[in-house]
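Numbers for residues simply follow the sequence, beginning at 1. Computed from a prediction, not measured in an experiment: that's the story for all the values here.
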Amino acid sequence: NLYRELGNGKNIIIQTTPQKIEFFENSEEIISLRCENYFSIAITKKGVFSWGENSHGQLGIGNFEKQNVPKKIEFFSKSFSQIKFLTNDI
């Protein structure tokens with residue numbers, strides 16, 4: 001969790017057990033989840049969210065700060081119906 005990639009809001013570096021992401025109140029909201037080495041991205045019924053390492057702006061949230069909780073990617077707000085189509089969530 002050095003890069004806050006777990007998204008659990010904690011800045012504890014070593015996590016030896018699975019961690020719940022409290023941000024998502026209902027796991028059924030999540031359509032797709034992608035976890036990488038340094039960041040994660042979730043497509044949900046409420047939009048697209050990212051968290052973790054962001055030193056090059058790779059989270060797409062308009063800044064370069066690490067995020068320890070999911071942050072909505074506003075870029076996808078206007079094209080959310082296209083995302084639903086691509087994930088077969090019609």
Side-chain angles (χ1 to χ4, degrees):
N1 200 33
L2 179 63
Y3 302 101
R4 313 306 184 244
E5 65 274 17
L6 294 180
N8 62 5
K10 299 177 184 175
N11 293 330
I12 300 169
I13 294 175
I14 297 174
Q15 299 286 323
T16 58
T17 59
Q19 302 292 306
K20 182 177 182 180
I21 301 172
E22 299 289 339
F23 180 86
F24 300 113
E25 297 171 5
N26 181 356
S27 62
E28 293 178 10
E29 294 177 357
I30 299 171
I31 298 167
S32 181
L33 178 65
R34 178 69 186 232
C35 302
E36 295 291 335
N37 288 337
Y38 304 111
F39 67 95
S40 300
I41 295 178
I43 298 173
T44 75
K45 293 179 180 178
K46 295 181 180 179
V48 180
F49 296 82
S50 61
W51 60 95
E53 172 60 27
N54 194 32
S55 59
H56 301 287
Q58 62 266 45
L59 296 182
I61 56 174
N63 64 46
F64 298 97
E65 298 174 18
K66 292 178 189 173
Q67 298 296 312
N68 66 359
V69 294
K71 177 93 172 165
K72 190 171 190 176
I73 303 174
E74 295 300 331
F75 174 83
F76 293 112
S77 294
K78 295 179 183 177
S79 60
F80 193 64
S81 60
Q82 294 173 351
I83 294 167
K84 284 181 161 181
F85 174 76
L86 292 173
T87 59
N88 296 320
D89 185 48
I90 300 173

Any side-chain heavy atom of F49 within less than 4.5 Å of one from F24?
yes
Drop me the distance from K46's NZ to E29's CD, to the nearest 0.5 angstrom.
4.0 Å
Distance in Å, I41 CD1 paired with Q58 CD, rounded so as to fall on 0.5 Å steps
9.5 Å
Of all the heavy-atom pairs spanning R34 and E36, show the shortest one and how long it is.
NE-OE2, 2.5 Å
Just how far is it from atom CZ of F64 to atom CD of E53, taken to the nearest 0.5 Å?
11.5 Å
Answer yes if F75 and I31 sit in the same cluster of Ile, Leu, Val, Met, Phe, Trp and Tyr residues linked by side chain heavy atoms under 4.5 Å apart, and no otherwise.
yes
Could you measure the distance from the CD1 atom of I43 to the CG atom of L33? Nearest 0.5 Å is fine.
9.5 Å
Does N54 reach the main-chain N or O of Q67 with its side chain, forming a donor-acceptor pair under 3.5 Å?
no
Nearest non-hydrogen partners of L59 and S50, listed with the distance:
O-OG, 2.9 Å
